[in-house]
Structures are given as structure tokens and as C-alpha cells.
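Lettering of chains follows the sequences in order, A, B, ..., and the numbering in each one begins at 1.
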Amino acid sequence: MAPRLSRSFFKRPTLAVARELLGARLVRLEAGGRRLSGWIVEAEAYVGSEDLGCHARAGRTARNASMWGPPGHAYVYFTYGMHWCLNVVTEAEGFPAAVLIRALLPAEGQATMVRRRGGTRAGRRDPTGGPAKLAQALGLDRRFDGHDLCAPQARLFLERGRRIPDSDVTTGPRVGLNNVPEPWRSLARRFLLRPEAQARLPGP
DNA sequence: AGCACGATGCTCT
DNA sequence: GAGCATCGTGCTT
């Protein structure tokens, strides 16, 4: 089993963390020690209350409090009336920043993840290809908000994966920031692993 | 392959 | 009461 990413990995500039999370493995430990996991292939950086695309822009609230907490914890929020999304908190405690995990390539427990997603055609083809999809596939919700991903007994954590060369990474504007003013709306804070490089990762 | 739309309820004004 | 870091379906190119 690969070594886990430590607190010091997350206590760094958010863009570096987002970039380096590509190729890492997100692991959900279920009852009975069963592992669900996937390689991270897409992530976005949300950096401080100056970032008008970031939930921290309007200050600290009950919903976004985890972003101000220690690095290496989860920030899980509810949106669009039905979806949960997973972030990993970054930088020093007191500075609100996080990386949204947007897509995984299934590695372990794919059948379980597909079942969790329900019987939809799209879900069967790509059960973890979206922030709300992967949260549902891994069974993540409000209970995981504030979860310490670096604790030895963590049920959700990250493992070191493949080193990804810059030539396998693309960047672009973050998704869904429709009413966010420039320049925040268009900043290159979205990181993706190229499809050819995804195909080289070990499958399920 | 791409766009439009509705679902659905929490969060903050 | 408005807006939302989304998703699946159904319809158009």
C-alpha cells in the first residue's frame, strides 16, 4: 500500500497542491476494511477570500468554516439542492483555501461505486467523472465535512500515486462560475490529466 | 458532440 | 427570495 499524503503536503500553496494531486489516489475505507478508490484526474484550486470564485469570498459561515481550519481536512458542501462535493483544505490554518476534487478514474471497488450512483446510463459509463458523482460513488456527505484526512484512523485519505510530468497536464478556467467577475472567472485554476495519460494509469 | 432545461433544497440576503 | 464550485435527459447538429 502506498504511503499517505501528510499534513505538510497540504500546508502549501493551493495551486501546487491541486497540480500535484493529479495522479494521487483518493481512498475511502468502508466497514470491514473494504477499499473504494480512484486516481485523481481533475482538480480545482480555490484560494482565499480575495478569490471571488471561492466560497470564502463572503467570509466565514457555518457552511464554509472548514476552509479556515487546519490543512489536510475535508471541506464537504451541499449544492443545487441535491449534490455533495469534496474539497481538501490547504495552506496554513486561518487562511481559507481548498482544492475541489472534480474527477477520479476508478481504481478499486468500481462495482460498488457504480451501484451507489444508481442505474443511470451515464453513471455506469463514468461513475466518478464529476464532483457530485464521485462524492455519491464514495458515499460522502455532510458527515465527512471536517474529516481529518491525515489522521491514522481516517476513513477517507490520499495515497501517493504516480509522478505526473507537466506534459501530461492541462489547465483552464474553473467550471460553473457563471456569475463570478473577471479575472477570477477565467483564471487557470483547473488542472486536468490528459486522457492519454489517464489511459496509462492502472485500471480497476 | 453540444446545448437547453428541470430537479430540488440549503444558505445567506 | 435568489442563487447555487451539478447532473441526467432529451433534442438538435
With B for base contact, S for sugar-phosphate-only contact and - for none (protein heavy atoms under 4.0 Å), nucleotides 1-7 of chain B reads ------B

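- The OH atom of A/Tyr77 sits 18 Å away from the P atom of B/dG9 (whole-angstrom rounding).
- Side-chain heavy atoms closer than 4.5 Å link hydrophobic residues (I, L, V, M, F, W, Y) into clusters, and following such links, even through other members, never connects A/Trp184 to A/Val47.
- Listed for the A/Arg185 side chain is a donor-acceptor partner under 3.5 Å among the backbone atoms of A/Asn178.
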Name the atoms and distances for all side-chain donor-acceptor pairs under 3.5 Å in residues 195-204 of chain A, with sequence neighbours left out.
unit_1	atom_1	unit_2	atom_2	d
A/Gln198	NE2	A/Leu193	O	2.9
A/Arg200	NH1	A/Asp168	OD2	3.3

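- Sorted by first and then second residue, the salt bridge (Lys or Arg N to Asp or Glu O under 4.0 Å) pairs with a member in residues 93-103 of chain A read A/Glu42-A/Arg102, A/Glu44-A/Arg102; sequence neighbours excluded.
- A salt bridge (Lys or Arg N to Asp or Glu O under 4.0 Å) check over residues 55-67 of chain A, counting only residues at least two apart or in different chains, returns nothing.
- Using a distance-only test at 3.5 Å, with no hydrogens or angles considered, no donor-acceptor pair links the side chain of A/His73 to the main chain of A/Val89.
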A/Asn64 and A/Tyr75: side chain to side chain contact (heavy atoms under 4.5 Å, CB included), yes or no, with the steps? CA-CA 7 Å; A/Asn64 65 20; A/Tyr75 165 45; 3.8 Å; yes

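- Applying the ring pair (Phe, Tyr, Trp, His ring centres under 6.0 Å) test to A/Phe157 and every residue at least two apart in sequence or in another chain returns nothing.
- Taking atom CG of residue A/Leu52 and atom C1' of nucleotide C/dC4, one finds them 16 Å apart after rounding to whole Å.
- A sub-4.0 Å separation between OP1 or OP2 of C/dG8 and a side-chain N or O of A/Arg117 is present.
- DNA chain C is contacted by no residue of residues 88-97 of chain A, taking any non-hydrogen atom closer than 4.0 Å.
- Sorted by first and then second residue, the salt bridge (Lys or Arg N to Asp or Glu O under 4.0 Å) pairs with a member in residues 45-54 of chain A read A/Asp51-A/Arg174, A/Asp51-A/Arg189; sequence neighbours excluded.
- In this structure, the ring of A/Phe78 has its center no less than 6.0 angstrom from the ring center of A/His83.
- Taking a 4.0 Å limit (strictly below) on heavy-atom distances, residues 55-66 of chain A reaches DNA chain C at A/His55.
- Looking only at distances, no side-chain donor or acceptor of A/Arg19 sits under 3.5 Å from a matching main-chain atom of A/Ala16.
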Determine whether A/Val99 and A/Thr14 satisfy the following criterion, side chain to side chain contact (heavy atoms under 4.5 Å, CB included), listing intermediate values before the conclusion. CA-CA 7 Å; A/Val99 174; A/Thr14 308; 3.7 Å; yes

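- Both tests do not hold together for A/Arg7 against A/Phe10: distance to the six-membered ring centre under 6.0 Å, angle to the ring axis within 45°.
- Using a 4.5 Å cut-off between side-chain heavy atoms of Ile, Leu, Val, Met, Phe, Trp and Tyr, with links allowed through other members, A/Trp39 and A/Ile101 fall into the same hydrophobic cluster.
- One can place CH2 of A/Trp84 at 12 Å from C1' of B/dT11, the figure rounded to the nearest angstrom.
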Which dot-bracket notation, 5' to 3', represents the base pairing of DNA chain C when pairs are defined as Watson-Crick or G-U with both distances under 3.5 Å, crossing pairs as [ ], and inter-strand pairs as |? ||||.|||||||.

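- Non-hydrogen atoms lying under 4.0 Å from DNA chain B are contributed by nothing in residues 168-180 of chain A.
- Taking every heavy atom of residues 185-194 of chain A and every atom of DNA chain C, no pair lies under 4.0 Å.
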Between A/Cys85 and A/Leu100, is the side chain to side chain contact (heavy atoms under 4.5 Å, CB included) condition met? List the steps. CA-CA 8 Å; A/Cys85 295; A/Leu100 173 67; 3.9 Å; yes

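- Residues A/Pro71 and A/Ala92 approach most closely at CD-C, 4.4 Å, considering heavy atoms.
- Atom pair A/Leu140:CG and C/dT6:P shows a separation of 16 Å (rounding to whole Å applied).
- Under the rule for a salt bridge (Lys or Arg N to Asp or Glu O under 4.0 Å), A/Arg155 has no partner lying at least two apart in sequence or in another chain.
- When atom types are taken as modelled, the side chain of A/Gln136 and the backbone of A/Leu140 share no donor-acceptor pair closer than 3.5 angstrom.
- C/dG8 atom C1' lies 9 Å from atom NZ of A/Lys133, rounded to whole Å.
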